[in-house]
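The block underneath contains the structure these notes are about, expressed in structure tokens.
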Amino acid sequence: MFAEKLSSMLNRLLKPQPKYITVAARPDGAAPERMLPPDRMPAHVAIIMDGNGRWAQNRGLPRSAGHASGTEALRDIIRASDDWGIQALSLYAFSTENWARSKDEVNALMGLLLKYFNSEIDELDEKNVCIRILGDIDGLPEPQREAVERAMERTRDNTGLKLNIALNYGGHAELLRAAQRLARRVQAGEMQPEEITKEDFEAELYTAGLPPVDLLIRTSGEVRTSNFLPWQTAYAEMIFDPVLWPDYDRAHYLKNLREYAARDRRYGGVKGETCGENTEENS
């Protein structure tokens, strides 16, 4: 098993890097391909997969049918992210607030979660994908908790796409958790409050060791971030795509990536200003 993973990693490293990324504009591949330079790709993409329920209701189906169809879109976007060399992909799958939904819908979501990890883990591991769960795993039902723990352990040493799945996740809860963990270190005498750095705080987040989010995509047209990765998306570019998640495919994904690539990221500064000048974007 180790030799196979090592061989896969070496093949990825030695494979010539493409000058551009291609994708067919239609699923049948009949349309001309579109291109995107790899050096304009975001390192870390976060996606709020929204619109499953509305997709189902528009078709007279139960909301659970929308979630099932959304799983197909999920599979395609993970594969595309891996194919195109994105370093990290974070997906909002189930928030702490989602427990308030109907019992039938919650049960359907938990069932899909279990089915997904059981059916996809072999392919993800084979492709060298490293799985991380963002959120309170202990709050999941036992079968789901055991499934995600097995997936993380199995792929822990993989060096390809960092696939982060937010389950039982809330951004405010994550920040409070990080603050509490640092407070315990101060209480234990390991550090002083004034010694706490940005790096110390980030090391206590679920995303420790990952690059900040470059691009946040939300499908379905809703224009809010819904408590998803508030620290990590501080300087992320955001795209609110009107497409409902089950209809979101590689062509939509690439369109969003191209929009990201065309933006001028200034991180609060003004392009062309030198040190000592006013560099606040809102000045």
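Excluded from the calculations below are hydrogen atoms, water molecules and symmetry mates; all remaining heavy atoms, backbone and side chain alike, are included.
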Ionic contact status for R156 with E153, cut-off 4.0 Å: yes

Contacts satisfying side-chain hydrogen bond (donor to acceptor under 3.5 Å, both in side chains) that involve residues 109-119 (not counting sequence neighbours) are none

To the nearest 0.5 Å, what is the distance between CZ on R132 and OG1 on T207? 7.0 Å

What's the spacing between E120 CD and K127 NZ if we round to 0.5 Å? 9.5 Å

Indicate the atoms forming the closest heavy-atom contact of P246 with G66, along with that distance. CG-O, 3.8 Å

Once salt bridge (Lys or Arg N to Asp or Glu O under 4.0 Å) is applied, what residue pairs with a partner in residues 220-245 remain, sequence neighbours excluded? R54-E222, E222-R224, E237-R263, E237-R265

Let me confirm one number: the CZ-CG distance from R154 to D125, rounded to the nearest 0.5 Å. 4.5 Å

Side chains of R258 and L254: does their closest heavy-atom pair fall under 4.5 Å? yes

Which other residues end up in the same hydrophobic cluster as L61, if Ile, Leu, Val, Met, Phe, Trp and Tyr are linked when side-chain heavy atoms come under 4.5 Å apart? W55, L244

Any chain of hydrophobic side-chain contacts (each under 4.5 Å) joining L114 to F117? no

What pair of heavy atoms forms the shortest contact from S95 to N98, and how long is it? N-OD1, 2.8 Å

How would you list all residue pairs meeting side-chain hydrogen bond (donor to acceptor under 3.5 Å, both in side chains) that involve residues 175-184, not counting sequence neighbours? R181-E204

Using the side chain to side chain donor-acceptor pair (under 3.5 Å) criterion, which residues pair with D76? Sequence neighbours excluded. R250

Just to verify, what does D138 make a side chain to side chain donor-acceptor pair (under 3.5 Å) with, not counting sequence neighbours? none

Specify the closest pair of heavy atoms between N128 and T159, including all atoms of both residues, with the distance to one decimal. ND2-OG1, 2.8 Å

Assess the residue pair V45 and D214 against the criterion (side-chain contact (heavy atoms from CB on, under 4.5 Å)); give the C-alpha distance rounded to whole Å, side-chain angles, the decisive distance to 0.1 Å, and a yes or no. CA-CA 6 Å; V45 176; D214 295 308; over 6 Å; no

Holding to side chain to side chain donor-acceptor pair (under 3.5 Å), I want the full list of residues that pass it with H67, two or more places apart in sequence or in another chain. N52, E105

Any side-chain heavy-atom pair from L89 and N164 closer than 4.5 angstrom? no

Inter-residue atom distance S226.OG - R218.CZ, 0.5 Å rounding: 3.5 Å

Side-chain heavy atoms under 4.5 Å apart, restricted to Ile/Leu/Val/Met/Phe/Trp/Tyr: what other residues fall into the cluster of L182, or is it alone? L175, V186, M191, I196, F201, L205, W231

Pair listing, salt bridge (Lys or Arg N to Asp or Glu O under 4.0 Å) test, anchored in residues 163-172, at least two apart: none

Shared hydrophobic cluster for V243 and I239 (ILVMFWY, side-chain gaps under 4.5 Å): yes

Between Y248 and D50, is a side-chain hydrogen bond (donor to acceptor under 3.5 Å, both in side chains) present by the stated rule, with each step listed? CA-CA 10 Å; Y248 193 82; D50 194 19; over 6 Å; no

Note, L124 side chain near I131 side chain (heavy atom, < 4.5 Å): yes

From I47 CD1 over to T219 OG1, what is the distance, rounded to the nearest 0.5 angstrom? 8.0 Å

What do the steps show when you test R75 against E123 for salt bridge (Lys or Arg N to Asp or Glu O under 4.0 Å), and what is the final call? CA-CA 11 Å; R75 182 179 292 110; E123 178 182 345; 5.6 Å; no

If hydrophobic clusters are built from ILVMFWY residues whose side chains come within less than 4.5 Å, do I121 and V148 share one? yes

Output the distance between atom CG (L109) and atom CZ (R63), rounded to the nearest 0.5 Å. 8.5 Å

Hydrophobic cluster identity match, L210 and Y260, side-chain contacts under 4.5 Å: no

We want to know whether Q232 and E174 form a side-chain donor-acceptor pair, criterion being a heavy-atom distance below 3.5 angstrom. yes

Shortest non-hydrogen separation from P141 to W99 and the atoms involved: CD-CH2, 4.0 Å

Linked, directly or transitively: M152 and I165 (ILVMFWY side chains, under 4.5 Å): yes

Residues L91, I78; criterion side-chain contact (heavy atoms from CB on, under 4.5 Å); working and verdict: CA-CA 10 Å; L91 302 166; I78 291 174; 4.1 Å; yes

Mind checking who shares a hydrophobic cluster with Y169, ILVMFWY linked at side-chain heavy-atom distances under 4.5 Å? I48, Y92, L134, Y206, V213, L216, V223, F228, L229, M238, F240

Can you tell me if D136 and T96 form a side-chain donor-acceptor pair at under 3.5 Å? no

The criterion is side chain to side chain donor-acceptor pair (under 3.5 Å); which residues satisfy it with E194, sequence neighbours excluded? none

Do you know the tightest heavy-atom contact between S64 and A108? CB-CB, 3.7 Å

Once ring pair (Phe, Tyr, Trp, His ring centres under 6.0 Å) is applied, do any residues pair with Y253, and if so which ones, sequence neighbours excluded? W84

For the student: nearest non-hydrogen atoms of H44 and S90, plus distance: NE2-OG, 2.7 Å

Evaluate H252 against K255 for side-chain contact (heavy atoms from CB on, under 4.5 Å), listing each step before the verdict. CA-CA 5 Å; H252 293 107; K255 179 183 176 183; 5.5 Å; no

For Q187, is the CD atom crowded, meaning more than 12 foreign heavy atoms sit under 6.0 Å from it? no

Run the numbers on L215 and L257 for side-chain contact (heavy atoms from CB on, under 4.5 Å), then give the verdict. CA-CA 8 Å; L215 171 62; L257 293 175; 3.8 Å; yes

Cut-off 3.5 Å, side chains only: do N158 and T155 have a donor facing an acceptor? no

